[in-house]
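The shown structure was predicted, so the numbers you read here are calculated from the model rather than taken from an experiment.
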Amino acid sequence: MDNFDTPGSSRDAALLPDTGEPGFGVYVHWPFCAAKCPYCDFNSHVRHQPVDQERFAAAFLKETAAVRAMSGPKTVTSIFLGGGTPSLMQPETVAAILDGIARHWHVPDGIEITMEANPSSVEAERFRGYRAAGVNRVSLGVQALDDRDLKFLGRLHDVADALKAIRLARDIFPRMSFDLIYARPDQTVEDWERELKQAIAYAVDHLSLYQLTIEEGTPFYGLHKAGKLIVPDGEQSAVLYEATQEITAREGMPAYEVSNHARPGAESRHNLTYWRYGDYAGIGPGAHGRLTRGREKIATATERKPEAWLDMVERDGHGILDEERLGYEEQSDELLLMGLRLREGVDLARWQQLSGRELDPKREEFLLEHKFIERIGNSRLRCTPAGMLILDSVVADLAC
């Protein structure tokens, strides 16, 4: 069985080149946060007593073994520690989880290992501990470079904290990204252009730029429904999106996915696995996975509540609540939905093999004529910038 080597060898290896293949990723969900943001509908939970990290780490290892039994032997191409706030974990917890993954699957030198972190929970010593554990890429939840809007978004950090975290990440990790949310209330195109240019100046090679969405069940949803929270309408959101594409492309960080921008070669390998419709193991409370077994693809989902998941794992060896066998039609729809988010588009031969049919020529011709999609040679299909603005409609048309 493979394991991570000592610092100075595989942990410092140059990142393996992107082969263009979907790959096999491992996603680990740490469900705890210091505070719940009012826009967030992720599976995140606040606990006012210290979390028993040793007990949770043991449960992650147990579930890893159970998922390995489902997946069979695999070569891991990326690992992603998401949440929640994974940077609330102790470095020893991270090391134990990564070593457990390497005991069950083949983990080559130089794969991408990402951890999400919040600027409010960043410490230099802890960052160095994560780096020593094997993390080679950090994704910072900055969300805004404006103190007033950070307070509105419920963030625990200010701009000074964010910039400190960015500097630390740049110094300690070979690769770094951070997130921003735009289309915030009263945000003008001019405001966003200034903030985005500032962000690009701080960024190394990757940015994730998301429009603020109002998700049901969040505090923002109630405020929005009551008319107390006004966000940009569809037309203004489209203008902000188009400005985002123009500025990032001009600055050498074009979109390679709807909301993700990178210099060539700096794309997130783990997220590419999702968008290229590869397999991935989902480990931890509320984690989802996609595992191919023979000619079947199995969609897995675990118990969302952390303590209930923990009890299940300790009792049954895993917290998986649902295993859904996806038919070829469902797989082809998911392939289309994920792949059309990418600038590289969808492999048509793979889609046709899964769906058992050709694209409807009339629907394709309509979308081509209106410049919502375009062919890349004879083998791939992608959305145009105009098509990205109505992506859901394009996918629905092509999937019929």
Side-chain angles (χ1 to χ4, degrees), residues 3-4 10-11 15 23-34 40 42-45 51 53-65 67-68 76-105 107 110-123 125-142 165 168-169 172-179 206 208 260 268-274 280-289 300 302 304 306 309-310 313 319:
N3 209 329
F4 291 101
S10 66
R11 289 171 181 161
L15 190 71
F24 174 71
V26 178
Y27 175 78
V28 179
H29 190 80
W30 182 258
F32 301 110
C33 279
C40 176
F42 292 169
N43 187 40
S44 59
H45 305 262
V51 172
Q53 294 203 21
E54 189 173 340
R55 188 179 169 198
F56 269 90
F60 280 118
L61 299 184
K62 260 192 166 183
E63 189 163 81
T64 299
V67 176
R68 165 60 174 82
V76 177
T77 53
S78 65
I79 300 170
F80 195 101
L81 305 171
T85 306
S87 53
L88 293 175
M89 282 190 277
Q90 295 298 325
E92 294 80 7
T93 305
V94 174
I97 291 169
L98 294 180
D99 286 345
I101 291 169
R103 282 197 300 272
H104 291 289
W105 290 291
V107 178
I111 69 161
E112 176 191 271
I113 302 175
T114 302
M115 168 184 272
E116 290 182 334
N118 278 340
S120 57
S121 62
V122 164
E123 301 170 9
E125 184 178 351
R126 189 175 287 183
F127 260 21
R128 291 190 180 96
Y130 298 146
R131 181 72 189 99
V135 175
N136 56 20
R137 182 177 182 269
V138 71
S139 178
L140 292 169
V142 171
L168 278 172
I172 294 170
F173 297 96
R175 303 180 76 214
M176 185 270 290
S177 178
F178 61 89
D179 301 353
H206 191 287
S208 297
N260 284 273
S268 167
R269 303 293 174 77
H270 188 82
N271 288 334
L272 282 173
T273 291
Y274 298 149
Y280 53 97
I283 297 164
H288 292 256
T300 65
T302 60
R304 289 173 59 86
W309 172 85
L310 185 60
V313 175

Side chain to side chain contact (heavy atoms under 4.5 Å, CB included) with [X]: which residues, sequence neighbours excluded?
{"X": "E92", "answer": "Q90"}
{"X": "S208", "answer": "S177, D179, H206, Y210, N260"}
{"X": "L88", "answer": "W30, T85, S121"}

Considering all heavy atoms of both residues, which atom of [X] and which atom of [Y] are nearest to each other, and what is their separation?
{"X": "A169", "Y": "M176", "value": "CB-CG, 3.4 Å"}
{"X": "F127", "Y": "L140", "value": "CZ-CD2, 4.1 Å"}
{"X": "I111", "Y": "V76", "value": "CG2-O, 3.5 Å"}
{"X": "V67", "Y": "G282", "value": "CG2-O, 4.3 Å"}
{"X": "R131", "Y": "I172", "value": "CD-O, 3.4 Å"}
{"X": "H270", "Y": "S78", "value": "ND1-OG, 2.8 Å"}

Using 0.5 Å steps for rounding, measure from the [atom1] atom of [X] to the [atom2] atom of [Y].
{"X": "I79", "Y": "I97", "atom1": "CD1", "atom2": "CD1", "value": "10.5 Å"}
{"X": "F56", "Y": "W309", "atom1": "CZ", "atom2": "CH2", "value": "6.5 Å"}
{"X": "R128", "Y": "L168", "atom1": "CZ", "atom2": "CG", "value": "7.0 Å"}
{"X": "E112", "Y": "N271", "atom1": "CD", "atom2": "CG", "value": "8.0 Å"}
{"X": "R55", "Y": "T93", "atom1": "CZ", "atom2": "OG1", "value": "14.5 Å"}
{"X": "T77", "Y": "Y280", "atom1": "OG1", "atom2": "OH", "value": "13.0 Å"}

Is there a side-chain contact (heavy atoms from CB on, under 4.5 Å) between T64 and W105? Walk through the geometry before answering.
CA-CA 10 Å; T64 299; W105 290 291; 3.7 Å; yes
So which of V28, V26, T114, V138 actually passes side chain to side chain contact (heavy atoms under 4.5 Å, CB included) with L81?
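Of V28, V26, T114, V138, side chain to side chain contact (heavy atoms under 4.5 Å, CB included) with L81 is met by V28 alone.
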Apply side-chain contact (heavy atoms from CB on, under 4.5 Å) to M115 and F173, showing your working.
CA-CA 11 Å; M115 168 184 272; F173 297 96; over 6 Å; no
So does [Y] get a backbone contact from the side chain of [X], meaning a donor-acceptor N/O pair under 3.5 Å?
{"X": "T273", "Y": "G23", "result": "no"}
{"X": "E116", "Y": "G83", "result": "yes"}
{"X": "N136", "Y": "P174", "result": "no"}

State which residues pass ring-ring contact (aromatic ring centres under 6.0 Å, His included) with [X]; sequence neighbours excluded, sorted by chain then number.
{"X": "F178", "result": "none"}
{"X": "H29", "result": "Y27"}
{"X": "Y130", "result": "none"}

Are L15 and R269 close enough, and set up right, to give a side-chain contact (heavy atoms from CB on, under 4.5 Å), and what steps lead you there?
CA-CA 10 Å; L15 190 71; R269 303 293 174 77; 3.4 Å; yes
